[in-house]
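Lettering of chains follows the sequences in order, A, B, ..., and the numbering in each one begins at 1. As the structure is a prediction and not an experimental result, all values here were calculated from the model.
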There are 2 protein chains.
Amino acid sequence: MKNPIADLNKIFDSRIRLGVMSVLVVNDEIGFNDLKQMLELTDGNLASHLNTLEQADFIKVHKGFIGRKTSTTYSITALGKQAFKAHLDALEKMIRKL
Amino acid sequence: MKNPIADLNKIFDSRIRLGVMSVLVVNDEIGFNDLKQMLELTDGNLASHLNTLEQADFIKVHKGFIGRKTSTTYSITALGKQAFKAHLDALEKMIRKL
DNA sequence: TAAAAGTGCTTTGTTTTCCAAAGTTAAATA
DNA sequence: TATTTAACTTTGGAAAACAAAGCACTTTTA
């Protein structure tokens, strides 16, 4: 029998990063505070996970304004989409036996 | 929007424990060494993850013999099945939006 | 206009988790 | 009797996660 976990992406072992990606797959853009509230995280914790995803080129940051307020939003990259899909495929393969 | 990761089970954040469970769902019993080879782990590492799963009452240990050789096998418990299924349901719900 | 509050971080320090390597015990085989 | 195998336990170090505090900047409020 083949190693069932070999194809899982280590970046997505984290529930938080998994959550961020799952949100970004269906939302073109999402703001820092929306994510923070949705995932119930402290700023520091969220920022560090976002940083990990950005380092991997899985998400992109956009700094802009809403009216006159600063606003940072995040979106998924093509690479991110691909990696996330591959991870889900690996997960599914692992449990499709059910 | 609701927190998409709140229903994930922390025990299954670990790819290894996830792998063990996915194997045990389809195999009534599996031996320590089979698991070790399948998941490509050191004994200590595997033993500690198995211990975590046993503490949670998600798996059961059977110590016996094959012929005159000692043999330890593991099986999933009812609680384990239930918890694993709940985790998969949470995962699916999180990504069904796709 | 001074104080308060919000945004989005970075830094700091602690706790938790992970993991390999070595040590252990008991039985089996050479 | 020496070595090997099975299944751990212990040890120790590295990595990851996380909360809390600090910070720079802007905007709103009193």
Original post:
Which of the following nucleotides, C/dG8, D/dA6, D/dA17, is nearest to the side chain of A/His49?
Top reply: D/dA17
**OP:** Kindly say if B/Ser48 contacts the phosphate of D/dT9, meaning a side-chain N or O under 4.0 Å from OP1 or OP2.
**Re:** no
**OP:** Taking only the side-chain heavy atoms of B/Lys63 (C-beta and beyond), determine which of D/dC8, C/dC19, C/dG8 contains the nearest atom.
**Re:** D/dC8
**OP:** May I ask you to check whether B/Ser75 and B/His62 show a side-chain donor-acceptor distance below 3.5 Å?
**Re:** yes
**OP:** Please tell me if the side chains of B/Val20 and B/Leu39 come closer than 4.5 Å, counting only heavy atoms from C-beta onward.
**Re:** yes
Subject >> Within the 6.0 Å centroid threshold, strictly below: B/Tyr74 and B/Phe58 >> reply: no
Original post:
Which part of the nucleic acid, if any, lies within contact of B/Ile16, taking any heavy atom under 4.0 Å across all strands shown: a base, the sugar-phosphate backbone alone, or nothing?
Top reply: sugar-phosphate
Original post:
Between A/Asn45 (CG) and C/dC9 (P), how many Å, whole number?
Top reply: 14 Å
Subject >> Any B/Leu50 side-chain heavy atom under 4.5 Å of B/Arg17 side chain >> reply: no
Original post:
Are A/Leu41 and A/His49 close enough that some pair of their side-chain heavy atoms sits under 4.5 Å apart?
Top reply: no
**OP:** Check every atom of C/dT7, C/dC9, D/dA7 against the side chain of A/Asp43 and return the nucleotide holding the closest atom.
**Re:** C/dC9
Original post:
Taking atom C1' of C/dC18 as reference, at what distance in whole Å does atom NZ of A/Lys10 sit?
Top reply: 11 Å
Original post:
Atom NZ of A/Lys36 to atom P of C/dG8: distance rounded to whole Å?
Top reply: 9 Å
Subject >> Closest to the B/Phe32 side chain, choosing from D/dC18, C/dA20, D/dA7 >> reply: D/dA7
Subject >> Atom-to-atom span, NE2 of A/His62 to P of C/dC9 - whole angstrom >> reply: 12 Å
Original post:
Taking OP1 and OP2 of D/dA7, is either one under 4.0 Å from a side-chain nitrogen or oxygen of B/Thr72?
Top reply: yes
Original post:
Which listed nucleotide (D/dA17, C/dG8, D/dA6) is nearest to the side chain of A/Ser71?
Top reply: C/dG8
Original post:
Hey, does the side chain of B/Tyr74 come within less than 4.0 Å of D/dA7's phosphate (OP1/OP2), counting only N and O?
Top reply: no
Original post:
Starting at CG of A/Leu41 and ending at C1' of D/dA16, how long is that distance when rounded to a whole Å?
Top reply: 15 Å
Original post:
So what does A/Arg17 hit on the nucleic acid, given a heavy-atom distance under 4.0 Å: a base, only sugar-phosphate, or nothing?
Top reply: sugar-phosphate
**OP:** Specify the separation, in whole Å, of atom CG of B/Asn51 and atom P of C/dC19.
**Re:** 15 Å
**OP:** Check the distance between D/dC8's P and B/Gln55's CD and give it to me in whole angstrom.
**Re:** 13 Å
**OP:** Have a look at B/Asn33 and say if it touches a base, only the backbone sugar-phosphate, or nothing, with a 4.0 Å heavy-atom cut-off.
**Re:** sugar-phosphate
Subject >> B/Ala47 or A/Ser14, whichever maps to the more 5' nucleotide of DNA chain D >> reply: B/Ala47
Original post:
Just how far, in rounded Å, is C1' of C/dT7 from CD1 of A/Ile30?
Top reply: 16 Å
Subject >> Matching residue for B/Leu24 among B/Leu53, B/Ile76, B/Leu35 - test: side-chain contact (heavy atoms from CB on, under 4.5 Å) >> reply: B/Ile76
**OP:** Kindly say if A/Thr70 contacts the phosphate of C/dT7, meaning a side-chain N or O under 4.0 Å from OP1 or OP2.
**Re:** no
